[in-house]
2 protein chains.
Amino acid sequence: MEAQAPENLEELTEKIALLQDRLPKRLRQCAAYILQNTHEIAFSTVAEISEKANVQPSAVMRFCQVVGFGGYTDMQKLVRQTIQPGIPDYSERIQNLREAGDDSPTAILAEFVEAGRQSLEQLSITVNETALEKAVETLAQARLIHIMGLRRAYPVASYLSYAFEKLRIPNVLHGGEGRLTHAEAMREEDVLIAITFASYSSETIELADEAVQRGLPVILISDTPSLLVNGTVVVPLIVSEIDFGAFRSLSATLSLAISLAVATGARRSS
Amino acid sequence: MEAQAPENLEELTEKIALLQDRLPKRLRQCAAYILQNTHEIAFSTVAEISEKANVQPSAVMRFCQVVGFGGYTDMQKLVRQTIQPGIPDYSERIQNLREAGDDSPTAILAEFVEAGRQSLEQLSITVNETALEKAVETLAQARLIHIMGLRRAYPVASYLSYAFEKLRIPNVLHGGEGRLTHAEAMREEDVLIAITFASYSSETIELADEAVQRGLPVILISDTPSLLVNGTVVVPLIVSEIDFGAFRSLSATLSLAISLAVATGARRSS
DNA sequence: TCAAAACTGGAATATTAATTCCAATAATGG
DNA sequence: CCATTATTGGAATTAATATTCCAGTTTTGA
């Protein structure tokens, strides 16, 4: 209306974000959908967008006008312009990012993205289906799931705990900030998920040992099979995450962990 | 005519190349232009293509039919599909998995790996280099870095904290297990990294607001730009992570986060 | 509680683009 | 060179899509 039409994608998202709160219900639905699926506009018709956003075509139309465009066609033109030069060619894009200069943030990001991608690929190839299946089966029958992981492994452990929580599966996260472990809380019919990478945290190893001694199944998420404490009760899940510098993006490990949780949830509810 | 329509870009180019020689003049012009500008088809109308190829629209039409498509629309559909790899609807896919009875851990893992891969690609394409650069610059100059993220964002926050620790960069992780925040600890020259995804944790938002009011720079890692608290001091880093079911692999977000940390470390030591 | 304003859904209309058709032209073969 | 067939250009038709309009509904403010 009175406002200028955005002239590039950033201006567009910024403007939508700004408006979003003051917009009436249906227009806000449009805003939300378009914010998250901006690029869809390039290829979709008004009708398609409106259906996915659960509004009438006319609402989408009004939305375009509120944002400052003459109509949907104008907005689509903008999105197409900004998409076209790129032609989402991943490898080319990564190449460009890498060339940005050695310690530039984008160059570093490119390396981590690439490392993450390779790790994921690696994971999908090397995953031991039998072990995974066994792990899920074990978890599905557990009364209480104990989770332990420190340092690099802690984000994985905490995300697992969060996922189980959401799935309403009883779990305990050991060794959080206070580094406390509650070995004595491990009872019959419980299971321990231990996550540790070289060089291994002694606390995690100790807890795993403790669990083994008490006869509990242990699922071990690690980067090498070198610490098979005890072949009979330990289910090893190996993830070889690619390092960049001293760090890893954890992409593969987290994917494996979350799959474990979701599969367990599915198994339980069926 | 009765020939099969190509089903992907390679088949298409192959077929055109094959036909090219036996085609009459105008159709050969079409072939030549389309071979070299295949991707244009995704965005252009028949009229536009025909003009650029110096032929009549009807010639383009005939060309499409000769290649095996029903019409221009079909050919366009094909090109669009291959340019924009799907953008799969994951909530639908998990439904499909369930219905297909394939909720095996391996199948679920495959989905998460795929979702992670796509998120990483997406990130490499949509990352805002300027914002990233600004974020690193800000962090490099910070006296103390505050980190806040709850629920899904907590693994990211804790990994960031771990990385900064390893890099010997002073940092505080707020809102850990006890959900405690230490707003009063935020002083002049500090910086806050706030991580939150829809639906946003009110605690994180509040801490960010507090920081803004105290005049501290805030770096916001989020999935939509919809909560730009204050454009002047907040640096927004947007990651659109693909959901699978109710969960995400966090691949893209963690890659971004770890890059931020490493780049900051590099900047500081130089 | 009521009147005015804002919002919404769905149908009606206008625009634009795809597709077909046919007469005119050019190529081919005897 | 003529008859036949293939190709072409452009207009006419059809289909799809964007856009507007308005009556019904909800929200707002006094």
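Each chain gets a letter, A, B and so on, in the order its sequence line appears, and its residues count up from 1. This structure is a prediction, so every number in the text was calculated from the model and none was measured.
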Exercise for the section: Can you figure out which of D/dT8, C/dT19, D/dA18 approaches the side chain of A/Val46 most closely? Expected result: D/dA18

Practice task
Return the nearest nucleotide to the side chain of B/Ser58; candidates are C/dT20, D/dT19, C/dG10.
Solution key: C/dT20

Interatomic distance, [X] [atom1] vs [N] [atom2] [rounded to whole Å]:
{"X": "A/Glu51", "N": "D/dA16", "atom1": "CD", "atom2": "C1'", "answer": "16 Å"}
{"X": "A/Arg26", "N": "D/dT26", "atom1": "CZ", "atom2": "P", "answer": "12 Å"}
{"X": "A/Glu48", "N": "D/dA18", "atom1": "CD", "atom2": "C1'", "answer": "13 Å"}
{"X": "A/Phe69", "N": "D/dT20", "atom1": "CZ", "atom2": "C1'", "answer": "20 Å"}
{"X": "A/Leu27", "N": "C/dT8", "atom1": "CG", "atom2": "C1'", "answer": "9 Å"}
{"X": "A/Gln29", "N": "C/dC7", "atom1": "CD", "atom2": "C1'", "answer": "13 Å"}
{"X": "A/Arg62", "N": "D/dT19", "atom1": "CZ", "atom2": "C1'", "answer": "11 Å"}
{"X": "B/Lys77", "N": "D/dA16", "atom1": "NZ", "atom2": "C1'", "answer": "12 Å"}

Problem - Nearest heavy atoms of A/Gly116 and B/Leu120, plus distance in Å - result: C-CD1, 3.7 Å

Give a yes or no on whether a salt bridge exists between [X] and [Y], defined as a side-chain N under 4.0 angstrom from a carboxylate O.
{"X": "B/Glu137", "Y": "B/Lys134", "answer": "no"}
{"X": "B/Arg117", "Y": "A/Glu121", "answer": "no"}
{"X": "A/Lys52", "Y": "A/Glu48", "answer": "no"}

Practice task
Return no unless some side-chain N or O of A/Gln56 is found under 4.0 Å from OP1 or OP2 of C/dG10.
Solution key: yes

Problem - Any A/Gln65 side-chain N or O less than 4.0 Å from OP1/OP2 of D/dT19 - result: no

Practice task
Assign A/Thr73 to base, sugar-phosphate, or nothing according to its heavy-atom contacts below 4.0 angstrom with the strands shown.
Solution key: sugar-phosphate

